[in-house]
Amino acid sequence: MMVGDGHRPADKGRAPTVRPFLLWCQTTKLTRRFRLPSPPTRRAAPLSQNERLDLLGRLLTDNDLPLRSRVAAVIVLLYAQPCSRVVRLTIDDVVHDNDQVLLRLGEPPSPVPAPFAELLLSWIDNRDNMNTATNRDSPWLFPGRRAGQPLHPFALAELVNDLGVPATASRAAAIRQQVLDMPAPVVADALGYHQVTAARLMSEAGGTWSRYAPGDHTRSPAGWTPRGTGDS
């Protein structure tokens, strides 16, 4: 696989577009109700760690790339978040704790490293789709074109894929590295994954953690209120 050259792999990791369109036709009553077969489930092969790091390096340093796409892709590559969760993030999920920037994905919030923190804060100050009167105070980290709505997950996935970052494979690589570096329960709490899912991923990745790492993993910054994170 070629990565980092600005060209995306052909349709790899791309969400299908026909099924959502047909479901939309039903919802808007453009067609009669009909039953669609369940889509086949395919597990995307994760990127290698070297490929993941190369992509992160390019996204953090190439200022010619669109800022919105860069920020979304880094969230996928760093924090193993699906686009369906990324679009639900709000600017309140970017937490300032003294001089540190944190991203609230689970409990406790995850630290944002300095190179990405600058990009993230710059994006908050220069978000797209903020010109209409009803969207001027939008809380969404990635506002959509429709007033009050975030960007659609498929639209965000397109933006990420257009950078040459296969969203699904990148997320798989990120969560694999996370469970190799930390105990699965810690990863699950911090990134909003179900603990059973994180434990399974650790087993598949060959992780050897059998207990929590030392330290208090439940402390949250002052003034932060946890919220439900759902399953993965």
Side-chain angles (χ1 to χ4, degrees), residues 15 20 56 59-60 65-163 165 167-168 170-171 174-175 178 186-195 197-198 217-232:
L56 280 169
L59 293 169
L60 292 171
L65 298 175
L67 183 57
R68 174 175 61 177
S69 303
R70 292 169 69 191
V71 170
V74 172
I75 292 175
V76 173
L77 281 162
L78 269 185
Y79 303 108
Q81 296 298 297
C83 289
S84 58
R85 282 191 192 157
V86 175
V87 296
R88 304 303 299 181
L89 292 172
T90 70
I91 56 175
D92 290 334
D93 290 319
V94 180
V95 182
H96 292 259
D97 186 27
N98 296 321
D99 293 332
Q100 189 176 26
V101 177
L102 307 165
L103 185 60
R104 181 169 57 188
L105 303 167
E107 183 180 0
S110 299
V112 179
F116 181 45
E118 295 175 7
L119 282 183
L120 182 57
L121 296 178
S122 177
W123 166 245
I124 290 176
D125 292 336
N126 298 279
R127 287 173 292 161
D128 294 340
N129 301 325
M130 298 288 290
N131 293 330
T132 62
T134 51
N135 241 20
R136 226 164 258 159
D137 298 321
S138 174
W140 301 111
L141 187 57
F142 297 99
R145 291 184 179 178
R146 296 180 60 184
Q149 297 298 316
L151 196 65
H152 194 282
F154 290 156
L156 191 71
E158 289 285 327
L159 294 175
V160 171
N161 281 312
D162 284 344
L163 292 181
V165 179
T168 304
S170 297
R171 177 194 174 201
I175 190 62
Q178 293 281 0
V186 175
V187 174
D189 289 345
L191 300 185
Y193 276 72
H194 195 286
Q195 291 202 6
T197 301
H217 302 290
T218 62
R219 186 186 69 83
S220 298
W224 178 74
T225 302
R227 69 177 185 185
T229 54
D231 198 351
S232 166

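The shortest side-chain heavy-atom distance between V94 and V112 does not fall under the 4.5 Å cut-off. Residues F116 and V101 are not in side-chain contact: their nearest non-hydrogen atoms beyond the backbone lie 4.5 Å or more apart. No side-chain heavy atom of V160 sits less than 4.5 Å from a side-chain heavy atom of V86. A heavy-atom distance below 4.5 Å is found between the side chains of L121 and H96.
Interatomic distance, CD of E158 versus NE2 of H152, reported as 11.5 Å (0.5 Å rounding). Rounding to the nearest 0.5 angstrom, the gap separating the CG atom in L141 from the OG1 atom in T90 is 8.0 Å.
Closest approach of R88 and P150 over heavy atoms only: NH1-CG, 3.6 Å. The shortest heavy-atom contact between S122 and N126 is O-ND2, 2.7 Å. What you find for D92 and V95 is that their closest heavy atoms are O-CG2, 4.1 Å. When all heavy atoms of W140 and G148 are compared, the closest pair comes out as NE1-O, 3.0 Å. Counting all heavy atoms, side chain and backbone alike, S170 lies closest to V165 at OG-CG1, 3.2 Å. Minimum interatomic distance between L59 and L119 (heavy atoms only, all atoms of both residues): O-CD1, 4.0 Å.
Exactly one of D93, D189, L89 qualifies for a side-chain contact (heavy atoms from CB on, under 4.5 Å) with L105. That residue is L89.
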Name the atoms and distances for all side-chain donor-acceptor pairs under 3.5 Å in residues 72-84, with sequence neighbours left out.
residue	atom	partner	partner atom	Å
Y79	OH	P111	O	2.8
Q81	NE2	Y79	O	2.9
Q81	NE2	L191	O	3.0

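Annotation: cation-pi geometry not satisfied between R171 and Y193 (NZ/CZ under 6.0 angstrom from ring centroid, within 45° of ring axis).
For R127 (side chain) and S138 (main-chain N/O), a donor-acceptor pair under 3.5 Å exists by modelled atom type.
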